> 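Pasting a structure below so you can have a look.
Please read all numbers here as calculations on a predicted model, not as lab measurements. Here is how names work: the chains are called A, B, and so on, in the same order as the sequence lines, proteins then strands, and each is numbered from 1.
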There are 2 protein chains.
Amino acid sequence: MTIRKEVAPEAVKEKERAFQKFIQTRGLKTTKQRNTIVSVFFGLKGHVSVEELLREVKAVNPRIGYATVYRTLHLLVESSLVEERRFGDGLARYEGHSEVEHHDHMICQNCGQISEFYNPQLEALQEKLAAEHDFTIHRHRLELYGTCADPESCNNRKREQEGI
Amino acid sequence: MTIRKEVAPEAVKEKERAFQKFIQTRGLKTTKQRNTIVSVFFGLKGHVSVEELLREVKAVNPRIGYATVYRTLHLLVESSLVEERRFGDGLARYEGHSEVEHHDHMICQNCGQISEFYNPQLEALQEKLAAEHDFTIHRHRLELYGTCADPESCNNRKREQEGI
DNA sequence: ATTAGTGCAAAAGGTTTGCAGACCA
DNA sequence: TGGTCTGCAAACCTTTTGCACTAAT
């Protein structure tokens, strides 16, 4: 069932308010479904797939369907409250901005764990390289694929995943 | 029509031979279709989408269809002669190994140009960061999205693209 | 002769869209 | 009330697959 509500309620409330603001600015309407989806989304941690989100949303209101979840996610992305990511499994994942504004990802190909990291040197080096190629960076994406160095905890996570 | 045959014929021949070898090692069969697809593919430069490849292949033999192109591309990937990449537009692109073994990409969001670069410092830094996170890198992917610094040539390319 | 490969069309999997009815401003 | 939003199902797009037929070993 993988319910992972580990996010502080105040943080969720703040995101909800920000989304509300966006909705108003755009002249859109507040609806129960959007509220549900947004609050469930921000209550989840990490890199949420549409399927995961829908499952959790349906736990609150089973009548909400794919279409509304997709549509609301697009709004969240447009509002810049959420980023869409694709890690090569052909499936979009959505990530509410975390404490750290920008970050990169390490993806374990054994247990599936996704960790985030940020390194200023790395960013600086990229800027330098871009400049050398007469290029202006708007955004970038760095993903390291590999395996956790500690096989034990990694395999534990893997088993846990498979046991879902 | 974007026919971009700029690859030296000897280089293409070499790739064809390498693929032939792979086919034999695997106990697979040589076919006209595979030969056509492989030789057309390696004659194209850059990051080729399936659609582009199919178009060029059909120019040689119109009876070859999607399925065979996809199947042959999978073989090429398995043979390590080709890498599959996805740049977030939901479309797979295939890249024959160029001179430089590993490299990263800069993608211009205006003209669509994809340039490649490689920097050892960047690679080293990634290893260092991975080590700090108890992580072993198998492969990585770095993509810089932005715009060409020279607007003129960039816009020229853009117009060219749209004129297809 | 055997076994693998091809071409077609149908299926799959993720995502988007058209439309009638429901709901918010 | 009027226009937006929802839910459903159908459409879409890229990729894969089943199957009868063709071709390579």
> Let's see if you can work this out: which of C:dG7, D:dG7, C:dT15 has an atom nearest to the side-chain heavy atoms of B:Ile64?
C:dG7
> Atom OH of B:Tyr66 to atom P of C:dG5: distance rounded to whole Å?
23 Å
> Report yes if at least one side-chain N or O of A:Tyr70 is closer than 4.0 Å to OP1 or OP2 of C:dT15; otherwise report no.
yes
> Would you say A:Arg26 places a side-chain N or O within less than 4.0 Å of OP1 or OP2 belonging to D:dT4?
no
> Figure out the CZ/C1' separation between A:Arg63 and D:dT6, and round it to whole Å.
9 Å
> Mind running side-chain hydrogen bond (donor to acceptor under 3.5 Å, both in side chains) on B:Glu143 and A:His140 for me, showing each step along the way?
CA-CA 6 Å; B:Glu143 289 150 22; A:His140 76 259; over 6 Å; no
> How close or far is atom P of D:dC8 from atom NZ of A:Lys58, stated in whole angstroms?
7 Å
> Would you kindly give the CG-to-C1' distance between B:Asn61 and C:dG5, to the nearest whole Å?
14 Å
> Does A:His74 make a side-chain N or O approach to OP1 or OP2 of C:dT15 shorter than 4.0 Å?
no
> How are the rings of A:Tyr70 and A:His74 set relative to one another: parallel (under 30°), tilted (30 to 60°) or perpendicular (over 60°)?
tilted
> Side chain of B:Thr68 only, please: which of C:dT15, D:dT15, C:dG7 is the nearest?
C:dG7
> For the pair A:Glu56 and A:Lys58, find out whether any cationic side-chain nitrogen is under 4.0 Å from an anionic carboxylate oxygen.
no
> Taking CD from B:Glu78 and P from D:dT16, how many angstroms apart are they, rounded to a whole number?
12 Å
> At under 4.0 Å between heavy atoms, how does the protein contact nucleotides 18-25 of chain D? Give one character per nucleotide, 5' to 3', with B, S or -.
B-----BS
> Where the side chain of B:Arg34 meets the backbone of B:Val69, is there a donor-acceptor pair that is under 3.5 Å apart?
no
> Take the protein atom CG of A:Leu91 and the nucleotide atom P of D:dC13, then report the distance between them rounded to whole Å.
20 Å
> Verify the ring-centre separation between A:His105 and A:Phe87: is it less than 6.0 angstrom?
yes
> Between B:Arg26 and B:Glu78, is the closest basic N to carboxylate O distance under 4.0 Å?
yes
> Under the criterion side-chain contact (heavy atoms from CB on, under 4.5 Å), which of B:Val48, B:Thr36, B:Val57 is the partner of B:Phe41?
B:Val48
> How close or far is atom C1' of D:dT15 from atom CG of B:Leu54, stated in whole angstroms?
13 Å
> Expressed as a whole number of angstroms, how long is the span from B:Glu51:CD to D:dC12:C1'?
14 Å
